[in-house]
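Reviewing the structure listed below.
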Amino acid sequence: MKKTKNPIAVQAGCDFFLRFATRIQLQNEENLDNMQGHKEQLTAISSLFVKNSFLRRDAISEYALKFITDDATILVHSYSRVVMQLLLKAAKANIRFQVLVTETRPSSSGKRAVDELKHNGIPATMILDSAVGYFIGKVDMVLVGAEGIAENGGLINQIGTYQIAVVSKAANKPFYVVTESHKFVKLFPLNQYDLHGSTPKTSVAPLRRKRSHHIDVDLING
C-alpha cells in the first residue's frame, strides 16, 4: 500500500472486494468443508470480481453516452480508464466531438490519453494545466475519473482536479465525475491535507523527478 502510486484506489478496491467475497462465501459456507474448497471458491470469486469490474465500466459508459453530444468540446483531466471507455464508445456511436486534455503534471498522464484518443480517430489536443482558465470558455463539459469517493461525497483525484472544478463552476460549465462503485473508499477527510500523499511536499514535487511512490491528490467535498 505504501509503495503503490495509487494507494487510495487500491484501498477502496480491496475494501469492496472483501465485502463482495465475504458475502458470497457466507452464502455458500455449507457447501465448503475443507481448506481447498475455500481456496477454489476464493479464486472463482476473484475472477468474477474482475469480470464484473469490466462490465461495470461498460454499463457506466452506456449510461453516460447520452451526455456526449455532436460538436461538443470536452475537457478531460489526466488519464482515466472509465472516461476513456466512455469517449471511445461515443466515437463508435458516430458522435462527433473533440477533446482537450490537460498535461497533468507531474505525472504527464495527459499525453497517454491524447495518444490513445488520436489512435482511435478522436480529435484531441493537450493543453497546459495552467491554461484551463483560458480554454474553459470553449468547453461544453468537463469529464474526470476518480481515485476515490470519500464517505462525505468528496472526490479524490489527481492533483489539479480541484482548481478545474472551481474554474468550471465559475464559468457555469458542467463538471461530471465518471467512476466505478469500487472506488468508494472508507475515508472521511475534512480537507485535502487529511489525505495520505497530499502534503505540500507531494504537490510541489520537482517536474524532472521520474519516479514516485505516492499519488498527488485533490479533494473536492460534495
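Reckoned from all heavy atoms, side chains included, excluding hydrogens, waters and symmetry mates.
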Residues that [X] engages under side chain to side chain donor-acceptor pair (under 3.5 Å), provided they are two or more places apart:
X: D140; answer: none
X: K89; answer: E62
X: E151; answer: none
X: T179; answer: none

Measure the spacing between CD1 of I149 and CG of L187 and express it to the nearest 0.5 Å.
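Reported value, rounded in 0.5 Å steps: 11.5 Å.
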For the residue pair S78 and A113, what are the closest heavy atoms and their distance?
O-CB, 4.0 Å
Do [X] and [Y] make a side-chain contact, defined as non-hydrogen atoms from C-beta onward lying under 4.5 Å apart?
X: I159; Y: P106; result: yes
X: K169; Y: F175; result: no
X: F184; Y: K186; result: no
X: R105; Y: L128; result: no
X: T102; Y: L75; result: yes

Scan residues 170-180 for pairs that pass salt bridge (charged side-chain N to carboxylate O under 4.0 Å, His left out), counting only residues two or more places apart or in two chains.
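Qualifying pairs, neighbours excluded: R57-E180, E180-K183.
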Partner set under salt bridge (charged side-chain N to carboxylate O under 4.0 Å, His left out) for D71, not counting sequence neighbours:
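Scan of D71 (salt bridge (charged side-chain N to carboxylate O under 4.0 Å, His left out), adjacent residues dropped) gives none.
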Check each of K118, R112, K111 against D115 using the side-chain hydrogen bond (donor to acceptor under 3.5 Å, both in side chains) test, and report the only one that passes.
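By the side-chain hydrogen bond (donor to acceptor under 3.5 Å, both in side chains) criterion, D115 pairs with just one of K118, R112, K111: K111.
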